[in-house]
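The first residue of the sequence shown is numbered 1, and numbering continues consecutively from there.
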Amino acid sequence: MQVPDILSIVTFLPLVGALLTMAARSDQAIRVTALAVTTATFLISVLLWTGFSVADAAELQFVSGGFNLISEAYDIRYLLGIDGISLLLVLLTTLLGPIVVLSSWKYIDRHVKGYYTLLLILQTGMTGVFCAFDVVLFYVFFELTLIPMYFLIGIWGGEERIYAAVKFVIYTMAGSLLMLVAILYLGHAAGQAVNDGLFTTDYFKLVEYNVPISTQTWLFVLFALAFAIKVPMFPFHTWLPDAHVQAPTGGSVILAGVLLKMGTYGLVRFCLPFFPHAAAEQAVLFGTLAVIGIIYGALVSRAQPDAKKLVAYSSVSHLGFVVLGIFAFTLTSLQGAVIQMINHGLSTGALFLLVGMLYERRHTRRMADFGGIARSVPLLTFFMVLTALASAGLPGLNGFVGEFLILVGSFGSSIPGMTVLTAFATTGVILAAIYLLWMLSRIFFGPVRNEENQTMPDLNRRELIILVPLAALMILMGVMPQPFLERSEPATAQLLELVQAKQSAAPDEPSRPSQKNMPDDPVREGGFEVRAEPDTSQTQGMIPYASMLQAMDH
């Protein structure tokens, strides 16, 4: 059952909550308001899961808006919707909302109103990124996330918070401004070709447009650079460790859990379908940088004395797997990349929460200051071991599913050199086990290095409420990933079919892609079914994903 305009509610309810927190009189009222709003947002977003049509998972569902945002002279629309790819990322965002509020409950004791207001604004921006199907609207949400995170790091961060916040803004804003230039050019060119000369940033019309090969490369570079910085890919990663280490715990969880996925999501949603020729030409370069990031991030993690910095560098390694899966151009690897975005958000977000809990007990993150605390904090130890093993890709936990699909799919890729790159990438799995088990050994086991470790309090009720849902999902997605895969598989299959169709179109022909080379019958690849075009009949609250190519057979 479709709920009218549910995506607008899920997207903008946190923004309404931000106004309510600004009106609250006491710190406790502010916290309660923020928790109530984020919890309500998550509960409403569950309707997206229950009401999502798996049979139509490749199509745009829960459509909201569709009206013009500026004037009739510009085809710039307010258009929200989700397909199987967006669904999982939206739910991850709404789930982490109340978790971050609870994690900050006792530890943010200054400028409380500003902190929770910024958190709620940030959630609106992140949700909007995954729902927007107009590129200008996407860009607005994309940039909206920058301002709250800058202040969260710069006001509530560590000793070097100003340096980290400014570095974060300079890196990410430089990339996004270059993307804006590409959006303006693409909107004008697409308008001339497929929209009767009217400037357009409607996602579906931009997908209809075959960008001439002569201009694809530089447009791809501008888009991909913005997303590569956000991921962040090697060598654009240097802002991330500083931002993570200096950010408060809640900021680190949001940064790792959701913000970094905006980069990988952008590569999937925009770079592949808009610029398929350029993406294929640069696949080896991106695969190589991804593998370098996998190995480099793992080796640098092993060298860190600070537990939070270790987890920060691990994100560079783990997201390298996601980028590798995207540019392998197989359904299995792309499926793995999508599911690994969710896995990383759960496991790395939980690691930052746990490191934050340790810090609040001892006011240090140096692993050498701990040791032998498993006896005094058995519950905390259990959750840390479980989360570290999930992050390392232990079979039966969520990390294994994503990495396995990425490696299997990438190994079978037809991209030259991708098999060799995948072989090198597998070393990242081994290295992850090394640095994560080393962290566990140093902090939780071995001799007690400080008497304070013996009197540390274990997890309280609030902290258990935070960690239990994340642990349950890590186990559930490890032993029963099919409900998640079956929702994303049709959309990823449709995306790859679209990319292949546009690659087969006539070079430098700025027109709609031909569907003549698309399979009429289901084709299996890597154990997943690549389906032919779904029924393009209109359904209430749903736009057929293939309707953007409705004239292809004529």
Steps toward side chain to side chain donor-acceptor pair (under 3.5 Å) verdict (Ser53, Gln61):
CA-CA 8 Å; Ser53 173; Gln61 303 184 32; 4.6 Å; no

Can you list, pair by pair, the side-chain donor-acceptor contacts under 3.5 Å of residues 224-237, counting residues two or more places apart and other chains?
| residue | atom | partner | partner atom | Å |
| --- | --- | --- | --- | --- |
| His237 | NE2 | Tyr296 | OH | 3.4 |

Note, [X] side chain near [Y] side chain (heavy atom, < 4.5 Å):
X: Gln216; Y: Pro212; answer: no
X: Val291; Y: Ile295; answer: yes
X: Val207; Y: Leu498; answer: yes
X: Phe168; Y: Leu146; answer: yes
X: Phe274; Y: Val135; answer: yes
X: Leu334; Y: Phe329; answer: no
X: Tyr209; Y: Lys502; answer: no
X: Phe270; Y: Phe220; answer: no

Would you say CZ of Phe411 has more than 12 non-hydrogen atoms from neighbouring residues, nucleotides or ligands within 6.0 angstrom?
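Open.
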
Assess whether atom CZ of Phe404 is packed by more than 12 heavy atoms of other residues, nucleotides or ligands within 6.0 Å.
no

Ignoring hydrogens and angles, tell me if any N or O in the side chain of [X] forms a donor-acceptor pair with the backbone of [Y] under 3.5 Å.
X: Thr127; Y: Thr11; answer: no
X: Asp134; Y: Leu137; answer: yes
X: Ser347; Y: Ser391; answer: no
X: Ser86; Y: Phe130; answer: yes
X: Lys309; Y: His244; answer: no
X: Tyr313; Y: Arg302; answer: no
X: Thr332; Y: Leu405; answer: no
X: Ser410; Y: Leu407; answer: no
X: Thr200; Y: Gly187; answer: no

Interatomic distance, [X] atom [atom1] to [Y] atom [atom2] [nearest 0.5 angstrom]:
X: Thr492; Y: Ile326; atom1: OG1; atom2: CD1; result: 11.5 Å
X: Tyr139; Y: Leu144; atom1: OH; atom2: CG; result: 12.0 Å
X: Arg269; Y: Cys271; atom1: CZ; atom2: SG; result: 12.5 Å
X: Ser8; Y: Leu80; atom1: OG; atom2: CG; result: 5.0 Å
X: Asn343; Y: Phe484; atom1: CG; atom2: CZ; result: 9.0 Å
X: Phe400; Y: Leu394; atom1: CZ; atom2: CG; result: 9.0 Å

Indicate the atoms forming the closest heavy-atom contact of [X] with [Y], along with that distance.
X: Gly478; Y: Val401; answer: O-CG2, 4.0 Å
X: Gly336; Y: Ile406; answer: C-CG1, 3.5 Å
X: Val54; Y: Glu486; answer: CG1-O, 3.8 Å
X: Met418; Y: Ala283; answer: CE-O, 4.1 Å
X: Met126; Y: Thr145; answer: N-CG2, 3.6 Å
X: Pro416; Y: Val284; answer: O-CG2, 3.2 Å

Please confirm whether Trp218 and Tyr185 have ring centers closer than 6.0 angstrom.
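Yes.
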
Under 3.5 Å, is there a donor-acceptor pair between the [X] and [Y] side chains?
X: Thr348; Y: His344; value: yes
X: Thr330; Y: Ser333; value: yes
X: Thr41; Y: Gln123; value: no

Test salt bridge (Lys or Arg N to Asp or Glu O under 4.0 Å) applied to Asp75 - qualifying residues, sequence neighbours left out
Arg77, Lys205

Decide side chain to side chain contact (heavy atoms under 4.5 Å, CB included) for Leu267 and Leu272; before the verdict, give the C-alpha distance in whole Å, the side-chain angles of both, and the deciding distance to 0.1 Å.
CA-CA 7 Å; Leu267 292 172; Leu272 298 192; 6.0 Å; no

